[in-house]
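Written below as C-alpha cells is the structure these notes are about.
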Amino acid sequence: MTVTPAELSAQLLTIVDGALERRGESTLTVGIDDVSLERPKNRDHGDWASNIAMKLAKPLGTNPRQLADELAEGIRSIHGVASVDVAGPGFINVTLDAAAAGALAKTIVEEGAAFGRGTLYSGVRINLEFVSANPTGPIHLGGVRWAAVGDSLARIFDAVGGEVTREYYFNDHGLQIDRFARSLLASYLVEPAPEDGYGGQYISEIKDRVVAAFPDDLAVMPRDQQQEVFRAYGVDFMFADIKKSLHDFGVDFDVYFHENNLHESGDVERAITRLRDNGHIFEADSATWFRSTDFGDDKDRVVIKSDGEAGYISGDLAYYLNKRERGYERNLIMLGADHHGYVRRLMAMTSAFGDEPYVNLEILIGQMVNLVKDGVPQRMSKRAGTVVVLEDLVEAVGVDAARYALVRSSIDQQLDIDLDLLTKRTNDNPVFYVQYAHARTHSVARNAAASGVDRSAFDASLLTHETESTLLGVLAEFPRVVTQAAELREPHRVARYAEELAGNYHRWYDSCRVTPLGDEPVTDLHRTRLWLNDATGTVLRNALGLLGVSAPERM
RNA sequence: GCGCCCGUAGCUCAGCGGAUAGAGCAAUUGACUACGGAUCAAUAGGUCGGGGGUUCAAAUCCCUCCGGGCGCACCA
C-alpha cells in the first residue's frame, strides 16, 4: 500500500484537528495546505517533514516542541510510518518504512501517463492567449519564448483538469498591417521601403508569392488596389508561415482569432455601449473616453478617437467580452515586458465590466529574450541581419533543445540565448541530461528483458538502498510539482524537477543494478528494481511531455 | 518623476517564511575486462546588491537606498 505525501498530509490534518479539539480550540481552523509535508533537503531529517507544530504553537499559546511531541505520537500510528522524530525548534520528521515508500513504484507504472495529473482546475474553462505576433513578419526570439512557455502552461493546465483553449489573437486591423502592405508594394515597385515600414528578405519573398498567386495582371491596377492585393494576400501568406513554423515547433492553437471580426461584427460598439450603460464612458475633446482611472488606471483611455476611428483599447474591450461570452471563466494573456503598461488598463476594464481582475483576467508578463554572442548581448537589428527568428533557433539547436532552453527559466527573468553555446556545448542545455536519463531507463529495461528480469514480482521492502529511498521521494513529489506549476503559472518548475529526477536516477543507476552480474541468479530484488526503473522512465516522460519535449528511448 | 521585472558561487540560473542556501557550466582530482562515461564520486568556490523592519524562524514578506532591463500617445 502506497503512502503518498498527499495521503500523509490528509492524515496529519486529522491528527491536528484532534489535538485542537482536545484543547477545546474552535476558532482556529487548519487547512490541508497548512499541513502539507515537505521533503527535507537533509536526508537525516527523514522522508517527510512538517512545520505545523511551530505554526500552531503561538496561536495555541503552547510550546512548539511539546505540541510536536503530541502530534508525533499520532503520526506513529499511521500505516507505513517507520519512525517519527521531533527535531530542532519543533520540526516533525517522518520516516516511512521501505515497503510503504517503495509501493509507489508499482503505482506509477500502473498509472502510466496518468501519474502526475491532478484536479486543481477540473472542469474549469481556461483561455490562454499567447504569441499573438502581428502577421507582418516571422516570429522573433521573444515570441518563441511565449510559444514555448505558453504551450507548456497549456499542457500543465490540461494535466490538472483544466479545459484549455490555446488562442492566438491575430491582429489584422490597423496601421501595422498597412505598413506591411505598403512595404510589399514598395518592394514590388522597386521603391525604397517606407520609412515606417518593414525591410528584410522575407518581404521580397512574400511579394514574389503574392505576384505568383494573384490571377490578374497586377501591373495595370491603380496603386491603391495593388496595395489592397498585397495586404490581403500578403497577410494570408505571412500568417500561414507563422502557423507552420509554430506547428513545426510543436505548438498548435485551437483558435486563431481575427481582430477584424470584432470590428465587423459590431462587438466593439456593443462593448462600448455596455460600458456607457454602466456609466464609465465620457466625451471630451471630441473623442470618446473610458474612465479607467475609476478602477486604478493611471490615465483615462480613448475608445473612439476624434477622427471617428476606434482606439486600440476598443479591440481589447470587445475581445475580452467575446471570450467571456464564449464561456471562459479564466482568461490568461501572456505578454512581453514591453507591454506591462497594459496591465492596469486591462484590469480596469475587467472591473468596469463587473468581473474580478486577476481572476477572470490575468496578464502574465514575461521578460525579454536577449541574443548573446561570446558573452556580449547582440542588438537584434533587421538591417544588421542579426534578427533571430523561430526557424533560425530550431535549425540551430533543434526543437527539443530550443523549447527546453526557453522554458527552464522563470519568465520573470530575462533570458540570454547564446546560439553557439547551445549548439556546440550541448551539456550547457540540461535537456540532454534529462533525455539521456529517460533513454537510459529504456536501455536498462531492454537489458533486463534480455537477462530474464521481468516485473513478475514486486517486493517494495527490498528497496532499501539510500539512493532508492531518495529516488522514491523525488518520484512522489511529481504530482505536487505539476499542481504548483499550474497554480503559479510556472512551467519552469517542471523542467527543474525533471533535472532533479534525472540526477537522482543516474545516481541510483550507478549504485543499484537491475540486471544480475555474470551468472548471478535473477532475484526479486532485480525484479522490484525494474519496477522502480520503469516508474522513473514514466515520470521523466510525463514531465518532458508537459514541456513539449520528446522523451527518446535511444539517443 | 511614476510603474513592472531582476540583482544568489567565476558564468547561466533554481530556491513553496523553515533546519548546514542548491544545480549545470567553468576549475582541480578520481571511477569503465560492471545494465550506455551524453554518467558517477570528491574538492574548491557565497557579506543571497547595501541598510532598516516584521517573525520563534527572512534569499523569500514590508520600507528605503544603490545598480541593470523594460514601459509610461487620440501608435498599434
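In what follows, chains are A, B, ... by sequence order, proteins preceding strands, each numbered from 1. When reading the values below, keep in mind they use all heavy atoms of this one structure, side chains included, and skip hydrogens, waters and symmetry mates.
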Please state whether the phosphate of [N], meaning OP1 or OP2, lies under 4.0 angstrom from any side-chain nitrogen or oxygen of [X].
X: His492(A); N: G15(B); value: yes
X: Arg440(A); N: U39(B); value: no
X: Tyr505(A); N: A38(B); value: no
X: Lys58(A); N: A57(B); value: no
X: Gln414(A); N: C13(B); value: no
X: Arg493(A); N: G15(B); value: yes
X: Lys41(A); N: C16(B); value: no

Regarding [X], tell me which of base, sugar-phosphate or nothing describes its non-hydrogen contacts under 4.0 Å with the strands shown.
X: Arg39(A); value: nothing
X: His506(A); value: sugar-phosphate
X: Tyr509(A); value: base
X: Ala337(A); value: sugar-phosphate
X: Asp412(A); value: sugar-phosphate
X: His339(A); value: nothing
X: Asp285(A); value: base
X: Ser409(A); value: sugar-phosphate
X: Ser36(A); value: nothing
X: Ala450(A); value: nothing

Distance-only donor-acceptor test (3.5 Å): side chain [X], base [N]:
X: Asn93(A); N: A19(B); answer: yes
X: Ser306(A); N: C74(B); answer: yes
X: Asp416(A); N: U12(B); answer: no
X: Asn51(A); N: G18(B); answer: yes

Can you tell me the base-pairing partner of [N]? Count Watson-Crick or G-U wobble geometry only, both distances below 3.5 Å, and say none if there is no partner.
N: C2(B); value: G71(B)
N: A23(B); value: U12(B)
N: U54(B); value: none
N: U28(B); value: A42(B)

Practice task
To the nearest 0.5 Å, tell me how far Leu525(A) CG sits from Leu463(A) CG.
Solution key: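 Leu525(A) CG to Leu463(A) CG: 7.0 Å, rounded to 0.5 Å.
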Problem - Aromatic plane relationship, Trp531(A) with Phe458(A) - under 30° parallel, 30 to 60° tilted, over 60° perpendicular - result: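 If you compare the ring of Phe458(A) with that of Trp531(A), the planes turn out perpendicular.
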Exercise for the section: Name the orientation class of the two ring planes belonging to Phe170(A) and Phe239(A) (parallel below 30°, tilted from 30 to 60°, perpendicular beyond 60°). Expected result: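 The rings of Phe170(A) and Phe239(A) lie parallel, inter-plane angle below 30°.
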Practice task
Indicate whether Phe432(A) forms a stack on A38(B); treat it as stacked only if centroid distance is below 5.5 angstrom and interplanar angle below 30 degrees.
Solution key: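 Stacking is absent between A38(B) and Phe432(A), given that the ring centres and planes do not meet under 5.5 Å and under 30°.
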Problem - Validation row, ring centre Tyr505(A) to ring centre His438(A) under 6.0 Å - result: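 Centroid distance Tyr505(A)-His438(A): not below 6.0 Å, so no.
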Exercise for the section: Could you tell me whether Glu487(A) atom CD has more than 12 heavy atoms of other residues or ligands within 6.0 Å of it? Expected result: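 Yes.
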Exercise for the section: Would you confirm whether Thr528(A), through its side chain, and Asp524(A), through its main-chain N or O, come within 3.5 Å as a donor-acceptor pair? Expected result: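 Yes: the side chain of Thr528(A) pairs with the backbone of Asp524(A).
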Problem - Check: Asn171(A) side chain, Asn134(A) main-chain N or O, donor-acceptor pair, under 3.5 Å - result: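 Here the side-chain-to-backbone pair does not exist.
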Handout entry: Which residue lies more 5' along RNA chain B, comparing Leu517(A) with Ala437(A) via nearest heavy atoms
Key =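 So the residue in question is Leu517(A).
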Practice task
Let me know, please, whether Ser511(A) or Gln367(A) comes out on the 5' side of the other along RNA chain B by nearest nucleotide.
Solution key: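 Comparing both residues, the 5'-ward one is Gln367(A).
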